[in-house]
Amino acid sequence: MAETIDPATSVGSVHLTISDVNRSVRFYESHLGFTLNRRDDRTAWLGAGGSDLLVLSQCETAPRVRGTTGLYHFAILVPSRDDLARSLRRLVMTETVLQGAADHGVSEALYLADPDGNGIEIYRDRRRAEWPYVGGHLQMGAEPLDFDNLLGEHTGPGDGAGLARATAIGHVHLHVSRLADAERFYVGVLGFDLMQRYGPSAIFVSAGGYHHHIGLNTWAGVGAPPPPPGAIGLRHFTVTLPTEAAIANVVRRVRAAGLPVDPIEGGHLVRDPAGNGIKFAI
């Protein structure tokens, strides 16, 4: 039986290449409520009053590409429905264009993009006891979101408040080139649990019974190539584990699969079969 990843595993920070750090900081602060933790001339570290959730690195000449592997979206998990309502009202006040919204049964979600086209989801989870199961299997749907009901939610801070301190990166959703390769890597090697299949083109995997920490799809095309080095989009994302022993177990399985593991500040960098970078860290 294959080993599973530690159930306390979660997603940490997301690292993106963007074209203009000043423009991106303004967007993430004013439209989404992030807090600037620190910055230099070309990089900004943002959070919600605690650790870094988002790291933006500027490259003015970075190409914008489509039809490749890489980021589909990263997902900002707010701690309550009221927080999601405040996020929606902030998006309305700042005249931010929404690309979509959905009630997934397990969660309610808003979809948009940053100034460089990087996909973003803002969502809140329902309690696990409310998650829909059919025949013992989790069923994430895509029903219309009740905007009026959500906008009527108001029990916490005013709309001008930033993101709640308990905000986290809940999951990332990636374009991959071949779904079978992705499943062998994320489930067979890393040890995530397969939570749901979405037709022949997407799967969702997680640790500890969560609905998904990582989504994987072939919507950019089966066999899609990786983006060119330095392109706009995902540099890597962090998967956090609770102990050094848990990290060592993952690294051992990756190396046993004949895949490289590279040292990176604060952790270990691995690339999935589609070239997406994952940093494993405590």
key: side-chain contact (heavy atoms from CB on, under 4.5 Å) evaluation trace for Ile278 with Phe185   = CA-CA 12 Å; Ile278 311 158; Phe185 175 75; 3.8 Å; yes
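- Atom CD1 of residue Ile120 and atom CD1 of residue Ile122 lie 7.0 Å apart, to the nearest 0.5 angstrom.
- The CD1 atom of Ile76 sits 7.5 Å away from atom CG of Leu54, with the distance rounded to the nearest 0.5 Å.
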inquiry  = The test is side-chain hydrogen bond (donor to acceptor under 3.5 Å, both in side chains); show your working for Asp6 and Thr9 and say whether it passes.
reply    = CA-CA 6 Å; Asp6 192 289; Thr9 298; 4.9 Å; no
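- Not one N or O on the side chain of Arg271 forms a donor-acceptor pair closer than 3.5 Å with the backbone of Asn276.
- Phe237 and Trp45 fall into different hydrophobic clusters, where Ile, Leu, Val, Met, Phe, Trp and Tyr are joined by side-chain heavy atoms under 4.5 Å apart, directly or via other members.
- Residue-environment remark: CD (Glu130) exceeds the threshold of 12 foreign heavy atoms within 6.0 Å.
- Atom CD of Glu121 is separated from atom CD1 of Ile169 by 10.5 Å, given to the nearest 0.5 angstrom.
- Inter-residue side-chain proximity for Phe74 and His171 is flagged as unmet; no heavy-atom pair is nearer than 4.5 Å.
- Judged by distance alone, the side chain of Trp131 and the main-chain N or O of Arg126 form a donor-acceptor pair under 3.5 Å.
- Val106 and Val172 fall into different hydrophobic clusters, where Ile, Leu, Val, Met, Phe, Trp and Tyr side chains are chained together by heavy-atom contacts under 4.5 Å.
- Of all heavy-atom pairs spanning Arg89 and Asp82, the tightest one is NH2-OD1, 4.5 Å.
- Heavy-atom minimum distance, Val222 versus Arg178: CG1-CG, 4.4 Å.
- Under a 3.5 Å cut-off, the side chain of Asp193 and the backbone N or O of Met195 do not form any donor-acceptor pair.
- For the pair Val250/Leu190, a side-chain contact is recorded, criterion being any heavy-atom separation below 4.5 Å from C-beta on.
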task = Could you go through the side-chain contact (heavy atoms from CB on, under 4.5 Å) check for Ile18 and Gln58 one step at a time?
result = CA-CA 5 Å; Ile18 45 87; Gln58 175 176 304; 4.0 Å; yes
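- His175 and Trp219 have their aromatic ring centers separated by at least 6.0 angstrom.
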task = Let me see the working for His211 and Asp125 under side-chain contact (heavy atoms from CB on, under 4.5 Å), right down to the final yes or no.
result = CA-CA 9 Å; His211 53 72; Asp125 277 334; 2.7 Å; yes
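- Side-chain contact between Pro227 and Thr69 is present, with at least one heavy-atom pair separated by less than 4.5 Å.
- A donor-acceptor pair is defined here as one N or O able to donate and one able to accept, closer than 3.5 Å; such a pair exists between the side chain of Asp40 and the backbone of Arg42.
- More than 12 non-hydrogen atoms from other residues, nucleotides or ligands lie less than 6.0 angstrom from CZ of Arg39.
- Within the 3.5 Å criterion, the main-chain N or O of Val78 finds no donor-acceptor partner in the side chain of Asp83.
- Taking CG from Asp116 and CG from Leu16, the interatomic distance works out to 9.0 Å, rounded to the nearest 0.5 Å.
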key: Step-by-step side-chain contact (heavy atoms from CB on, under 4.5 Å) determination, Leu174 to Leu234   = CA-CA 9 Å; Leu174 306 172; Leu234 183 69; 3.8 Å; yes
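- Each of Tyr123 and Leu150 belongs to its own hydrophobic cluster when Ile, Leu, Val, Met, Phe, Trp and Tyr are linked at side-chain heavy-atom distances under 4.5 angstrom.
- Counting heavy atoms from C-beta outward, Asp262 and His268 have side chains that stay 4.5 Å or more apart.
- Under a 3.5 Å cut-off, the side chain of Ser107 and the backbone N or O of His104 do not form any donor-acceptor pair.
- The nearest pair of heavy atoms linking Pro242 to Ile282 is O-CG2, 4.2 Å.
- One hydrophobic cluster holds both Leu71 and Leu53 under the rule that ILVMFWY side chains link at heavy-atom gaps under 4.5 Å.
- By the 4.5 Å heavy-atom criterion applied to side chains, Leu88 and Leu151 are counted as neighbours.
- Residues Val21 and Thr43 share a closest heavy-atom pair of CG2-C, 4.2 Å.
- Counted within 6.0 Å of CD on Glu60, heavy atoms from surrounding residues, nucleotides or ligands total more than 12; the atom is thus considered enclosed.
- Inter-residue side-chain proximity for Tyr210 and Val11 is flagged as unmet; no heavy-atom pair is nearer than 4.5 Å.
- The heavy-atom pair separating Ser177 from Thr218 by the smallest distance is O-CG2, 3.9 Å.
- Looking only at atom types and distance, the side chain of Asn217 has no donor-acceptor partner in the side chain of Tyr72 under 3.5 Å away.
- Looking at Pro228 and Pro63, their side chains come closer than 4.5 Å, going by heavy atoms from C-beta outward.
- No continuous path of hydrophobic side-chain contacts links Leu56 to Ile264 [ILVMFWY only; heavy atoms under 4.5 Å].
- Within 6.0 Å of CZ on Arg252 lie more than 12 heavy atoms contributed by other residues, nucleotides or ligands.
- Checked by atom type, the side-chain pair Arg90/Thr96 shows no donor-acceptor distance below 3.5 Å.
- Under the 30°/60° scheme for interplanar angles, the aromatic rings of His73 and Tyr111 are found to be tilted.
- Summarising the geometry, atom CD1 belonging to Ile5 is positioned 4.0 Å from atom CZ belonging to Phe192; distances are rounded to the nearest 0.5 Å.
- How far CG of Asp52 is from CZ of Phe34: 11.0 Å, rounded to the nearest 0.5 Å.
- Screening His137, His173, His213 for a ring pair (Phe, Tyr, Trp, His ring centres under 6.0 Å) involving Phe204 leaves a single residue, His173.
- Across all non-hydrogen atoms, the minimal contact from Ala220 to Thr68 is CB-O, 3.4 Å.
- No side-chain heavy atom of Asp103 sits under 4.5 Å from any side-chain heavy atom of Asp146.
- The backbone N or O of Ser13 lies less than 3.5 Å from no partner atom in the side chain of Lys279, so there is not a single donor-acceptor pair.
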query = Would Arg124 and Ser87 satisfy side-chain hydrogen bond (donor to acceptor under 3.5 Å, both in side chains), going step by step from the backbone distance to the final call?
reply = CA-CA 11 Å; Arg124 71 97 182 183; Ser87 289; over 6 Å; no
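- Counting heavy atoms of neighbouring residues, nucleotides and ligands inside a 6.0 Å radius, atom CZ of Phe147 exceeds 12 of them.
- Of the possible polar contacts, none joining the Gln196 side chain to the Ile203 backbone as a donor-acceptor pair under 3.5 Å is found.
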